[in-house]
Amino acid sequence: MKVIVTGGAGFIGSNLIRHIINNTEASVINIDKLTYASNLNSLKDISKNSRYKFKKACITDKKAIQDIIFEEKPDAIMNLAAESHVDRSIDNPNIFLETNILGTYNLLDCWLQYYKVASKDSNKRFIFHHISTDEVYGDLESNDPPFTELSRYDPSSPYSASKASSDHLVRSWSRTFGLPILLTNCSNNYGPYHFPEKLIPHTIISALELQNIPIFGDGSQRRDWLFVEDHADALWTVLKEGKINETYNIGGGYEMTNLNVVEKICTYLDKAKPIVSKEFKSYHELISFVDDRPGHDFRYAINYSKIKDELGWAPKKTFNDGLGLTIEWYLNNEAWWREILDSHYEL
Ligand code: NAD
């Protein structure tokens, strides 16, 4: 099997490619524009594998995408390329609309042209698998039941609105043009190779650098957390076993406040790497509360019983185990994040 993964130099994409190369016989073509969020160092361990290939291209570029698809003749495409940071979408929505909406449109259009030709003499599925977020459903009150695949779309930020738009496009390409699609909506991921702007790596690295650990508002926002390798496993399960044109919600079943997550990291680091400073005795002292993000969603929670019941997938890592592995990874891979801090990102 040959699969195109877009956005494969990003956080989830690189973990997904590693999962495919290490656990399956499939070949992967990684298409990535290499934005600030990408890092080819995240794929160093598998980049020489004969089943892996990298192509630098923007998903909005029709000719480039068509050329790659028609040359490579893949069996499926998994679309993870996106602008993914909510704060950046508030500062500069434009690129979110270009990549997340127009980029997805371009991929759909190119894949449909290919599908029409390729499916004539083949009984392969030629799936367009679109990777999306639980943020398309908006947020929940404290006692609301978790999101299901039938929850109403109600996005709050330019990021989630652009992802919601792309989800609608994908479903419409299935309904109108008969393109075989799969859609997955996942909760917050965490794990190795996560760009330092996101909550968990930002907290770990800020602590290690003895910098303030900012928390929006009072930190009471609640999120469901999933270890990224469990997400990669879920995505591959859905691609292989998912029922065509269906949506599957993916979650970790670990709902926690942002403050709770940050405190767990500080407590872990206090033991694993006791603070060496005249000013501070514990990493907890670095926590500082900052003005809340506009339109900040209060709570996300995911009901993943459909993928569990129909495809037999469930997360393997508990939050505590996954968080421990993640913190240890950042402790042992300083060169990976130091290069980002030195070249193009300030905490
Ligand atoms: P990321 O920001 O770490 O990586 C995105 C990758 O896409 C980068 O390598 C970037 O260079 C690439 N990219 C961006 N614009 C591109 C373009 N125009 N053409 C080609 N490549 C481009 O994101 P992530 O956290 O790995 O998320 C991947 C996908 O999963 C996104 O679609 C996101 O919406 C979704 N998702 C993320 C989470 C999460 O917690 N991180 C949760 C659910 C869903």
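With contacts defined as side-chain heavy-atom distances shorter than 4.5 Å, the pair N333/P192 does not qualify. Side chains of N249 and N303 form no contact here, defined as non-hydrogen atoms less than 4.5 Å apart. Counting heavy atoms from C-beta on, the side chains of Y268 and E328 come closer than 4.5 Å. Taking the side chain as every heavy atom from C-beta outward, L341 and E209 approach each other to under 4.5 Å.
For residues 253-266, the set of pairs meeting the side-chain hydrogen bond (donor to acceptor under 3.5 Å, both in side chains) definition, not counting sequence neighbours, comprises Q221-N258, R222-E255, E255-R299, K264-N320. Screening residues 87-108 for salt bridge (Lys or Arg N to Asp or Glu O under 4.0 Å), with sequence neighbours left out, gives D87-R293, R88-E197.
Put simply, CD1 on I204 and OH on Y283 are 11.5 Å apart, with the number rounded to the nearest 0.5 Å. Going from atom NE2 of H231 over to atom CD1 of I131 covers 6.5 Å, rounded to the nearest 0.5 Å. Annotation: the span from Y114 atom OH to I4 atom CD1 amounts to 8.0 Å, rounded to 0.5 Å. Here CG of N188 is found 6.5 Å from CZ of R223. Values are rounded to the nearest 0.5 Å. The distance from the CD1 atom of I265 to the NE2 atom of H202 is 11.5 Å, given to the nearest 0.5 Å. The distance from atom CD1 of I68 to atom CD1 of I65, rounded to the nearest 0.5 Å, is 5.0 Å.
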Given side-chain hydrogen bond (donor to acceptor under 3.5 Å, both in side chains), test N79 with T6 step by step and report yes or no. CA-CA 5 Å; N79 180 28; T6 70; 2.6 Å; yes
Run the side-chain contact (heavy atoms from CB on, under 4.5 Å) check on W225 and L199 step by step: do they pass? CA-CA 11 Å; W225 291 96; L199 180 71; 4.0 Å; yes
Steps toward side-chain contact (heavy atoms from CB on, under 4.5 Å) verdict (I302, I250): CA-CA 7 Å; I302 276 266; I250 304 171; 6.0 Å; no
Would you check, one step at a time, whether the test side-chain contact (heavy atoms from CB on, under 4.5 Å) holds for K240 with R125? CA-CA 10 Å; K240 294 289 286 181; R125 297 185 344 145; over 6 Å; no
Give the C-alpha distance, both sets of side-chain angles, the deciding distance and a yes or no for side-chain hydrogen bond (donor to acceptor under 3.5 Å, both in side chains) between T104 and H130. CA-CA 9 Å; T104 301; H130 185 62; 4.5 Å; no
Report the C-alpha separation of D224 and Y304 in whole Å, then their side-chain angles, then the decisive distance to 0.1 Å, and conclude whether the side-chain hydrogen bond (donor to acceptor under 3.5 Å, both in side chains) test is met. CA-CA 11 Å; D224 175 82; Y304 63 85; over 6 Å; no
Worked verdict on R171 versus T247 for side-chain hydrogen bond (donor to acceptor under 3.5 Å, both in side chains): CA-CA 9 Å; R171 290 199 180 93; T247 296; 2.9 Å; yes
Could you give me the CA-CA distance, side-chain angles and deciding distance for S220 and F298, then say whether side-chain contact (heavy atoms from CB on, under 4.5 Å) is met? CA-CA 8 Å; S220 62; F298 171 60; 4.0 Å; yes
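The closest donor-acceptor contact from the side chain of S160 to the backbone of P155 lies at 3.5 Å or more, if one exists at all. Checking side-chain atoms of D230 against main-chain N and O of K317 turns up a donor-acceptor pair under 3.5 Å. A donor-acceptor pair is defined here as one N or O able to donate and one able to accept, closer than 3.5 Å; such a pair exists between the side chain of K73 and the backbone of F70. In this structure a side-chain-to-backbone donor-acceptor pair under 3.5 Å is present from D144 to E141. Using modelled atom types, one side-chain atom of W111 and one backbone atom of F126 make a donor-acceptor pair closer than 3.5 Å. With hydrogens and angles ignored, the 3.5 Å screen pairs no side-chain donor or acceptor of E83 with any backbone N or O of Y159. A distance-only check finds a donor-acceptor pair linking the side chain of N185 to the backbone of T133 [under 3.5 Å]. Between the side chain of S151 and the main chain of T148, a donor-acceptor pair closer than 3.5 Å is present. Listed for the N39 side chain is a donor-acceptor partner under 3.5 Å among the backbone atoms of N41.
Across every non-hydrogen atom of A207 and L269, the tightest pair is CB-CD1, 3.6 Å. Of all heavy-atom pairs spanning S206 and N212, the tightest one is CB-O, 3.7 Å. Nearest heavy-atom pair across G191 and V228 is CA-CG1, 4.0 Å. Heavy-atom minimum distance, S38 versus D32: CB-OD1, 3.9 Å. Nearest heavy-atom pair, G13 versus L80, reported as atom, atom and distance to 0.1 Å: N-CD2, 3.9 Å. Of all heavy-atom pairs between G242 and L311, the closest is CA-CD1, 4.0 Å.
Here F177 and W173 bring their ring centres to under 6.0 angstrom of each other. A ring-centre distance under 6.0 Å is not found for Y345 and W337.
Remark: of the listed residues W336, Y190, F11, Y36, Y36 is the sole one forming a ring pair (Phe, Tyr, Trp, His ring centres under 6.0 Å) with F195. Across N189, N15, T326, L323, a single residue satisfies side chain to side chain contact (heavy atoms under 4.5 Å, CB included) together with F227, and that is T326.
Side chains of Y300 and E135: a donor-acceptor N/O pair is present below 3.5 angstrom, by distance only. No hydrogens or angles considered: a donor-acceptor pair under 3.5 Å links the side chains of D270 and S282. With no hydrogens or angles considered, a side-chain donor-acceptor pair links S84 and K198 at under 3.5 Å. Judged by distance alone, the side chains of S156 and H296 never bring a donor and an acceptor atom under 3.5 Å apart.
Within a 6.0 Å sphere centred on OH of Y105, heavy atoms belonging to other residues, nucleotides or ligands number 12 at most. More than 12 heavy atoms of other residues, nucleotides or ligands shown are found within 6.0 angstrom of CG on N332. Residue-environment remark: NZ (K62) exceeds the threshold of 12 foreign heavy atoms within 6.0 Å.
The hydrophobic clustering, which links ILVMFWY residues whose side-chain heavy atoms are closer than 4.5 Å, places I12 and V86 apart. Criterion: ILVMFWY side-chain heavy atoms under 4.5 Å apart, direct or through other members. Under it, F96 and I90 are part of a common hydrophobic cluster. Grouping the Ile, Leu, Val, Met, Phe, Trp and Tyr side chains by contacts below 4.5 angstrom, directly or via other members, places L347 with L210. L183 and I77 fall within the same hydrophobic cluster, defined by Ile, Leu, Val, Met, Phe, Trp and Tyr side-chain heavy atoms under 4.5 Å apart, directly or through other members. W236 and I127 fall within the same hydrophobic cluster, defined by Ile, Leu, Val, Met, Phe, Trp and Tyr side-chain heavy atoms under 4.5 Å apart, directly or through other members.
In summary, E72 and K2 engage in a salt bridge, as defined by a charged side-chain N under 4.0 Å from a carboxylate O. Note on K306 versus E310: no salt bridge recorded, every NZ/NE/NH1/NH2 to OD/OE distance being 4.0 Å or above. Salt bridge annotation for D167-K163: absent, with no cationic side-chain nitrogen under 4.0 angstrom from a carboxylate oxygen.
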